[in-house]
Structure formats: structure tokens, C-alpha cells
Amino acid sequence: MDLIADLEARGLIHDSTDREFLRARVKDGPVGIYYGCDPTADSLHVGNLIGLIVLRRFQDAGHKAIALAGGATGMVGDPGGRSEERNLLDEQTLSANVAAIKHQLGRIVDLSDPNRGVLVDNRDWTQAITLLEFLRDVGKHVTVNQMTARESVRIRLESEHGISFTEFSYMLLQANDYLWLHDNLGCDIQIGGSDQWGNIISGVDLIRRKRQHQVHAFSWPLLTASDGSKLGKTAGARTWLDPVKTSPYQLRQHFLQIADEDLRQQVLTFSLLPIPQIDELLAAHDEAPHRRIGQRTLAHELTALVHGNEAAKAADEAADVLFGGDPAHASLAALEAVGREVPSSRMTPVQLVELVDVLVATDLAQSKSDARRTLEGSGYRCNGASIDVNTQLSDQILLHGRYLLLQRGKKSHHLVEVFS
RNA sequence: GGGUCGGUGCCCGAGUGGCCAAAGGGAACGGGCUGUAAACCCGUCGGCAUCGCCUUCGAAGGUUCGAAUCCUUCCCGGCCCA
């Protein structure tokens, strides 16, 4: 099976330029392939992971992966996917974000050999262009008619918030990026989520007009969970690749909590396992869905991919303690592992006296009122046993003489180490 | 620049002088059921405090015993005209 067929089978090709030309180009030998994301935050998230993993698939097949951090486009803001104008980021923030992202990228895509993988920032070739040059060299080749026909622009034109000229120009910048990468890095394929398709095609058109070259592109479908929610979030919060923002344990949980209905699609999208092995895995999963074999396998693979094998193993172990049964029977080593994976803190017995304050301090409650309400609804446990408003934490038996494991609901935990 | 409509809690959206911490829906959170699931049922959903207080309805002033609701000015957005 060739790479394009594999991607098709995984459901990762939504739109593409002429499929046979694309397939032929990929078979023809090493090709530069580019995926860009704007550094709007100081970390990538699982949404970006799809693109990076596709890059990785191409790299593993001998192609050249080009990851683009949009320092320039990030200043302008992509109009797609939102109804309102973006807030612009200043240069310092963007630079810091690009630096932070580079490290994460390097874990998934091999950037050690510039012939196999590179990270570029479109500020490098965009910043110096003058307005007149841009209007003449890029703007002249695109009609506003085409631009306003794009879905992302049309939605904004129809929305009550409108669209600024700045964001309207976004697709021209992205088109110019593709042109530059084609000219300078031998890039012949651009990829992105289907919401990027309009921007991507603008680049393909620009290159055809200016260079008379046929370049390629494809997009993957934007994933939505079966319950209609957006993927890439855990409990409403974005799932980041930065271990400080989203711990390896939380990343593992993100994938562990995938609904069965979404499992097949998610495994095909994210796993580097060959498809026959995935079929076996899913078959095993369906035999006993309650064991969550599919989710466990995927969660482990991705945690290992993003954070390394050690971290993935530790995350698995921590989850065993937190969901495995009575935490009172957990070993000291296991509890210490938990302490590294879930939020934790050190407190003196005196600090434990006011239960409500502790719940707020450990972030298990948003306010004292919230803590009281949730206590009334028996939403909290300490060391696995339900507690109420009258519980004295200082009277609780410390696990291994020093730990209290607090939990709200099933999924939020906090380990308190008590010292005097 | 002129006209006009609008800015309400996480989001949508009622409310046009007291009965409003503010309907309803969604999201979210907790409980039950379960598989760390789905569906479903129940509860909670500004803050502080053991029904009393404080801070909220774009901002600042004002009228009033009393305002999200009325007035003034300002800020922001949509639409129409120029």
C-alpha cells in the first residue's frame, strides 16, 4: 500500500488536488511537504498533533518534512473558524511562542538532519517584503472575487462582526509562504485541516500562475467527537503538548477517555501502527469494550510519542492507583508516582483544619461556596472514602504516614503531602 | 459624518422602575446507573456567610425611597445613508 492509499484508508484525506498526480508525485521520490501552524500560544495542542503526525508519516517514508511556525501569519490572524476578529499578538510573544513550539515539534518530527526535516518561520521571508512588492508580486495574481468566495471569508462577511482587511489578507500571506517554500526548499505538497483548504489552494494557484508548476495539497477532515463536541479538549480545556500545561498523565487521560464510537477514527488518525495491526487492536477491543484496550493502547502510544517512554509508563502507573481501587492499599512508590503526575502540594496539619479552605487551595473547588455545595452533594473523597462538611482532614489517617489523596468526582485528584 | 438597532451571568437569550442574583436553553460540575463510556434520571451552577449581606446586567455620572430597567455623556459593534 502506498502512502497516499494508507492515508486514504485512515480517513485522513478530505480534499486534495488531483489525486493521481499527488500519488504519482509521492511515489516519484522524496518530496518536501509542509504543514504550518500559527504560534498563537506558547505550546502546541493535540489539534496540531494530527498535522505533525502526518509529517512524521511522510518523513518515515523518506520525504522531507517542513514544519512552519507562522510568526508572520500569527500577527495577522486567520479569519477561519471564528466569528470575530482576532487579537493581535506582539512580536516578543510570537518569538517566545515559536521557541517553545520548536522543542515540542522536535519530539515528533526529526529536525536533526535539515535534509529530512526543518522548522521554518514565515517571518524570515515575509518581514522584509514591502507593501508595493507584495501587491505587485502576490496580490496581482489573485482576484478578490476568488477570495470572497472562500468559505472562511464568506462566513465572516456574513457575520455581524465583519472581517478586517488585515484578516482578509491572511490567505495571500499563506499563499506566498507556499510559493517561497516551493522555490527555496523544494516543497511540493501542503497539508492542513479542511478549514485551511481555501488558504492552501490559494498557494497552489499562485504557484501555478507564477511558476507554471503543478504543486499538490491535501487536507484532513476536521475531527468532531460523536457527541458533537470539539476534539482536542479534555473536560473543556485544551489539551496541550507542553507537560507543564498538560501533564503526561492528563494527556494520557485525554486519549483514554475517547468514546468507543470515536475510537476507530482516533486510532487511525493518531497511531503510527500499521492498519492491519490497528484492525487487530480494534477487534480485541470490541471483544470486551469495558476493558478499554483500544483507548489504553492509543493513550500509551501517544503519551510516549509526545513525552517519552518513561513518562508514559509513569502516567499508566499513576492511573492504576487513581482508578484501580482503594488508594489506602497503594504502595509508597505508587503514591510518589501519583504525586508527580497529578497536582500536589505540601501542607502542615494546621493548614488542614479548614476543610473548605483546603479544597479551594488545592484547586478542587473554585470558591468556598462551590466547595460547600459540592460537599453537600457528596462530591469529594479523601483516601477513597466520601467526606462531608464536618470531616476533619487533620483526623484522617495519612497514607504511608504522610499522604492524603483528595478527589473531586471521578477525574480530579490532588495529593497532599503532610509535614510538620 | 447622519440615521438606526444593539452591548445582560461561561455561551445563547428573556427581562424595560420594586416580586431580579436576574426566566429559559446549552455548556460545565457533582450524584445515581456504568466500562475512568454512551444514553437516561436527580442535583448544582456570582461571592461571602449556617436565608442575611456584598458585587454584577458595556463605562462614568444623574433622577428616585428604590434602576439591568428612566435621563446625560462616553466607549464598542451591526445595519442603512453620506
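Letters A, B, ... are given to chains in the order of the sequence lines, protein chains preceding strands, and every chain is numbered from 1.
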Counting only Watson-Crick pairs (N1-N3 plus N6-O4 or O6-N4) and G-U wobbles (N1-O2, O6-N3), all under 3.5 Å, who is the partner of [N]?
| N | result |
| --- | --- |
| B/G17 | none |
| B/A38 | none |
| B/A27 | none |
| B/G77 | B/C5 |
| B/C51 | none |
| B/C70 | B/G62 |

- [ ] Give, for atom CD of A/E310 and atom NZ of A/K313, the distance between the pair rounded to the nearest 0.5 Å.
- [x]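 Going from the CD atom of A/E310 to the NZ atom of A/K313 covers 6.5 Å.
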d(A/S367 OG, A/R372 CZ) to nearest 0.5 Å is 8.5 Å
- Task: Would you kindly give the CG-to-C1' distance between A/L359 and B/C48, to the nearest whole Å?
- Result: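 After rounding, the gap between these two atoms is 17 Å.
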Taking the inter-plane angle between the rings of A/Y35 and A/W220 on a 0 to 90° scale, is it parallel (under 30°), tilted (30 to 60°) or perpendicular (over 60°)? tilted
So, with a heavy-atom separation below 4.0 Å from RNA chain B, the residues of residues 362-371 of chain A are A/S367, A/K368, A/S369
Could you work out the separation of [N] and [M] based on their [atom1] atoms and round it to a whole Å?
| N | M | atom1 | answer |
| --- | --- | --- | --- |
| B/C10 | B/G32 | P | 29 Å |
| B/U63 | B/C71 | C1' | 7 Å |
| B/A21 | B/C33 | C1' | 34 Å |
| B/U16 | B/G7 | C1' | 15 Å |
| B/G66 | B/G17 | C1' | 8 Å |
| B/A68 | B/C57 | C1' | 5 Å |
| B/U56 | B/A67 | P | 12 Å |
| B/G26 | B/G35 | C1' | 27 Å |

Among all residues two or more places apart in sequence or in another chain, which pass the ring-ring contact (aromatic ring centres under 6.0 Å, His included) test with [X]?
| X | value |
| --- | --- |
| A/F218 | none |
| A/W197 | none |
| A/Y249 | none |

Residue pairs passing the ring pair (Phe, Tyr, Trp, His ring centres under 6.0 Å) test where at least one lies in [range], sequence neighbours excluded:
| range | value |
| --- | --- |
| residues 316-363 of chain A | A/F323-A/H413 |
| residues 331-383 of chain A | none |
| residues 271-306 of chain A | none |

Identify, with sequence neighbours excluded, every residue that meets salt bridge (charged side-chain N to carboxylate O under 4.0 Å, His left out) alongside A/R57.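 A/R57 satisfies salt bridge (charged side-chain N to carboxylate O under 4.0 Å, His left out) with no other residue.
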Residue set satisfying salt bridge (charged side-chain N to carboxylate O under 4.0 Å, His left out) with A/D260, at least two apart, ordered chain then number -> none
Assign each of A/S412 and A/R372 the nucleotide of RNA chain B bearing its closest heavy atom; nearer the 5' end lies the nucleotide of A/S412
Per the glycosidic torsion and the 90° limit around 0, nucleotide B/C54 is anti
Could you pull out the protein-nucleic contacts involving nucleotides 31-36 of chain B (nitrogen or oxygen on both sides, under 3.5 Å)?
residue	atom	partner	partner atom	Å
B/U34	N3	A/K410	NZ	3.2
B/U34	O4	A/K410	NZ	2.3
B/G35	N1	A/D260	OD2	2.6
B/G35	N2	A/D260	OD1	2.7
B/G35	N2	A/D260	OD2	3.2
B/U36	O2	A/Q253	NE2	2.8
B/U36	O2	A/Q257	NE2	2.9
B/U36	N3	A/Q253	NE2	3.0
B/U36	O4	A/R252	NH1	3.2

For nucleotides 41-45 of chain B, give me every protein contact, N/O to N/O, under 3.5 Å, one pair per line with atom names.
none

Please list every donor-acceptor pair under 3.5 Å in which a side-chain atom of residues 59-66 of chain A meets a protein atom from a residue at least two apart or in another chain.
residue	atom	partner	partner atom	Å
A/Q59	OE1	A/D110	N	2.9
A/Q59	NE2	A/D110	O	2.8
A/Q59	NE2	A/R116	O	3.0
A/D60	OD1	A/R56	NE	3.3
A/D60	OD2	A/R56	NE	3.2
A/H63	ND1	A/V31	N	3.0

